[in-house]
Amino acid sequence: MKIGQVVQRYGIPVNTLYFYINNGLLVPPRRNSQYVFDPHTLEELEWLLELKELEFPLKTIHRLLSLRRISNFCSEEDREELRTIFQEQAEELKRREAHISTARRRVGRKLFELERQPAAGIRTGVPVSMLSLLCCPNCRGELMLEGASMSQTYVFQATLRCACGYSAAIRDGILQTKNVNTSLYDKPDTARDMYRDLPSMTLSLYERSYHWLEEHIKRKVTHGKVWLEGYVNAWFFFHNHLELLDRRDRLIVIDKFPETLLAYKAIIERQGLPCDVLYISDCSSAPPLRENIIDCVMDFFAVNEHNFYHGDFYLNQLLPYLRRECELFGVYFFFKDGGASRRKLLADYPESSPNNFNIQWFFREIEQNFHVFETTDCGFSLNSGTNLGLGFHVPGEEMHLQPYYARQRRQSSRFE
């Protein structure tokens, strides 16, 4: 019987048959440069398949086939070894059965927990405690609440007005300005679809950068700080690292899409808030914040995301709002010799800066107003998948992640 006939009769992939032959589990005779499965070889194949059904590993199956070829288990020694091998397999299957039974019960409990309705969580809005951080971005005047729906802790709905004519709204607990997204190349990603299929190697780089940031934040920052994180539609670091904050901290989250902020707000409410969180939907370089209020900035991909649609340096826009010696923690993404990837980036995002994903440009820009004290290269990925978020990454080119810790150089803001 030829290999094609064996494949058809036993339903075995031809590659599997060649694997057995190449590794000596099956030794069919050859005729005219072709393997021929004679009755003896077919008998060995059928025993091999039976042993596989009994969950024997291939190494043990090879040993059993070898014993059979040596003596056909005629000697008492070989029969005793055969009994021992089967006894060990019986004990292994018993152990595996107990493990599977335990795993099945645990999976059942997890399914039950997943099917239960998630806890409602606390409903939040703009924290009353953080209203003092707001002001008119035009004249720096005080913003007055009108028509507020609120509790002692949160403002859920309201209009904010300034005597100069500026106005903004609080809707669903999110401060929404009139500066909305106008780019045709960006959209809210409330389900994280743009990054859902990131390859494992790329996600491992993210995890390494997380560890680096966590270590440096814990070592360098005390609690009681006002944090700011922007461009969370691209990536929201604190969403998965709320344990780094406590009730003494305050977090300002800014993005151009209220839909994204609303989705994250609901998630964080279910998780439990570690501190007061102020969500601002604004697409400008001048959100309605007072000057000199930010102690720490989280920039996880924010500089990169800004340069998809603008040519300037994102962190410079934050200067008026930063306290003296404000601390920056971030991760910059860059290509090493990634000419093809950058060309595809500019084709996919015509508004993008040609300096995006350029580590030399990033360090030149940041060193103008900040001093980078510590930084490292977490390594690189050669493929970021076909997702919308990093789909311009041409496979084979190195995309690196560079976490950094920096502090503001200047002594005062332009408003002092």
Side-chain angles (χ1 to χ4, degrees), residues 133 195 202-255 264 268 274-280 287 289 292-307 313-334 356-357 359 361-379 399-410 413:
L133 302 182
Y195 300 94
T202 304
L203 287 173
S204 296
L205 292 182
Y206 279 55
E207 192 67 17
R208 286 180 207 159
S209 67
Y210 289 164
H211 293 328
W212 194 95
L213 291 173
E214 290 166 357
E215 176 191 346
H216 285 74
I217 290 172
K218 290 176 181 178
R219 183 155 46 92
K220 297 180 182 300
V221 180
T222 58
H223 289 297
K225 304 295 186 183
V226 176
W227 280 86
L228 182 144
E229 184 171 4
Y231 282 107
V232 297
N233 188 59
W235 203 266
F236 190 2
F237 173 82
F238 275 119
H239 161 232
N240 288 323
H241 298 87
L242 294 175
E243 73 281 355
L244 294 173
L245 306 172
D246 79 359
R247 59 181 179 80
R248 292 166 288 178
D249 297 312
R250 290 183 286 180
L251 174 62
I252 300 172
V253 182
I254 301 179
D255 194 76
Y264 275 124
I268 291 175
C275 63
D276 285 337
V277 184
L278 169 62
Y279 301 92
I280 301 177
L289 292 171
N292 304 317
I293 60 169
I294 306 300
D295 299 297
C296 303
V297 172
M298 173 53 64
D299 157 33
F300 195 101
F301 195 70
V303 169
N304 291 104
E305 178 69 9
H306 180 79
N307 286 135
F313 191 59
Y314 168 65
L315 298 177
N316 288 343
Q317 292 188 1
L318 304 181
L319 289 173
Y321 310 102
L322 308 185
R323 292 187 186 273
R324 292 172 180 168
E325 297 188 342
C326 174
E327 296 178 291
L328 274 65
F329 300 85
V331 176
Y332 187 74
F333 290 49
F334 71 95
N356 206 357
F357 292 86
I359 191 66
W361 177 84
F362 171 77
F363 279 123
R364 282 199 305 270
E365 291 296 317
I366 196 172
E367 286 287 351
Q368 291 182 27
N369 291 297
F370 305 91
H371 179 76
V372 178
F373 286 97
E374 296 183 51
T375 186
T376 190
D377 186 338
C378 282
M399 187 187 75
H400 293 246
L401 269 64
Q402 185 91 18
Y404 69 90
Y405 163 64
R407 190 180 301 152
Q408 188 179 189
R409 287 183 182 275
R410 66 193 182 88
S413 80

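From a predicted model like this one, the values you see are computed outputs, not experimental measurements.
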K.L.:
Rounded to the nearest 0.5 Å, how far apart are NZ of K220 and CD of E327?
P.N.:
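The NZ atom of K220 sits 8.0 Å away from the CD atom of E327.
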K.L.:
Taking E229 for its side chain and I252 for its backbone only, find out whether a donor-acceptor pair lies under 3.5 Å.
P.N.:
no
K.L.:
What is the minimum heavy-atom distance between C326 and V297, and which atoms define it?
P.N.:
SG-CG2, 4.1 Å
K.L.:
Is the backbone of V232 close enough, under 3.5 Å, to the side chain of D255 for a donor and an acceptor to pair up by distance?
P.N.:
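Judged by distance alone, yes, a pair lies under 3.5 Å.
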K.L.:
Nearest 0.5 Å, please: how far is CH2 in W235 from CG in D299?
P.N.:
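It comes to 14.5 Å.
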K.L.:
What I'd like to find out is whether the side chain of F300 reaches to under 4.5 Å of the side chain of F333, using heavy atoms alone.
P.N.:
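When only atoms from C-beta onward are counted, F333 and F300 do touch, with a gap below 4.5 Å.
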K.L.:
Using atom types as modelled and distance alone, determine if a side-chain donor or acceptor of R409 lies under 3.5 Å from a backbone N or O of Q368.
P.N.:
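It does not hold such a pair.
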K.L.:
Quick check: does any side chain N or O of Y404 sit under 3.5 Å from a backbone N or O of V331, one acting as donor and the other as acceptor?
P.N.:
no
K.L.:
Please round to the nearest 0.5 Å and tell me the distance separating atom CG of N369 and atom CD of Q408.
P.N.:
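Atom-to-atom, N369:CG and Q408:CD are 7.5 Å apart.
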K.L.:
What are the two closest non-hydrogen atoms of Y321 and L289, and how far apart are they?
P.N.:
CE2-O, 3.4 Å
K.L.:
For R250, is there an ion pair with D276 - N to carboxylate O distance below 4.0 angstrom?
P.N.:
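Looking at D276 and R250, the cut-off is not met.
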K.L.:
Which heavy-atom pair separates A406 from I366 by the least distance, and what is that distance?
P.N.:
CB-CD1, 4.3 Å
K.L.:
Less than 4.5 Å apart, any side-chain heavy atom of D249 and any of P274?
P.N.:
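D249 vs P274: side chains apart.
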K.L.:
Who passes side-chain contact (heavy atoms from CB on, under 4.5 Å) against F373, sequence neighbours left out?
P.N.:
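Result, side-chain contact (heavy atoms from CB on, under 4.5 Å) vs F373: H371, Y405, R407.
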K.L.:
Under 3.5 Å, sequence neighbours excluded: what are the donor-acceptor pairs made by side chains of residues 237-245?
P.N.:
| residue | atom | partner | partner atom | Å |
| --- | --- | --- | --- | --- |
| H241 | ND1 | F237 | O | 2.7 |
| H241 | NE2 | E214 | OE2 | 3.2 |

K.L.:
Can you check side-chain contact (heavy atoms from CB on, under 4.5 Å) on N307 and W361, steps first, answer last?
P.N.:
CA-CA 12 Å; N307 286 135; W361 177 84; 3.3 Å; yes
K.L.:
Distance from I294 atom CD1 to L319 atom CG, nearest 0.5 Å?
P.N.:
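It is 12.0 Å, given to the nearest 0.5 Å.
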K.L.:
I'd like to know if the side chain of R248 and the backbone of H223 have a donor-acceptor N/O pair within less than 3.5 Å.
P.N.:
no
K.L.:
Would you check if Y264 and V277 make a side-chain contact, meaning some heavy-atom pair closer than 4.5 Å?
P.N.:
no
K.L.:
Counting C-beta onward and ignoring hydrogens, is there a side-chain heavy-atom pair between M298 and L251 closer than 4.5 Å?
P.N.:
no
K.L.:
How about L318 and L328: do any of their side-chain heavy atoms sit closer than 4.5 Å?
P.N.:
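Not touching, per the 4.5 Å side-chain cut-off.
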K.L.:
Who are the ring pair (Phe, Tyr, Trp, His ring centres under 6.0 Å) partners of Y314, not counting sequence neighbours?
P.N.:
Y231, H306
K.L.:
So which atom in P287 and which in I254 form the shortest heavy-atom distance, rounded to 0.1 Å?
P.N.:
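Distance-wise, the nearest heavy atoms are CG-CD1, 4.1 Å.
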K.L.:
Between Q402 and I359, is there a side-chain heavy-atom distance shorter than 4.5 Å?
P.N.:
yes
K.L.:
With rounding to the nearest 0.5 Å, note down the distance linking CD in E365 to CG in N316.
P.N.:
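Answer rounded to 0.5 Å: 6.5 Å.
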K.L.:
Just say parallel, tilted or perpendicular for the rings of F362 and Y332, cut-offs at 30° and 60°.
P.N.:
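F362 and Y332: parallel rings.
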K.L.:
First locate atom NE2 of H211, then atom CD of E215, and finally report the distance between them rounded to the nearest 0.5 Å.
P.N.:
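Here the interatomic distance stands at 10.5 Å.
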K.L.:
Where do L401 and R208 land on the side-chain contact (heavy atoms from CB on, under 4.5 Å) test, with the steps shown first?
P.N.:
CA-CA 9 Å; L401 269 64; R208 286 180 207 159; over 6 Å; no
K.L.:
Working note: M399 + T202, criterion side-chain contact (heavy atoms from CB on, under 4.5 Å); need CA distance, chi angles, decisive distance, verdict.
P.N.:
CA-CA 9 Å; M399 187 187 75; T202 304; 4.2 Å; yes
K.L.:
Show, in sequence, the C-alpha distance, side-chain angles and deciding distance for W227 and I217, and conclude whether the side-chain contact (heavy atoms from CB on, under 4.5 Å) test is met.
P.N.:
CA-CA 12 Å; W227 280 86; I217 290 172; 4.0 Å; yes
K.L.:
At their closest point, which heavy atom of V221 faces which heavy atom of C296, and how far apart are they?
P.N.:
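Distance-wise, the nearest heavy atoms are CG1-SG, 4.0 Å.
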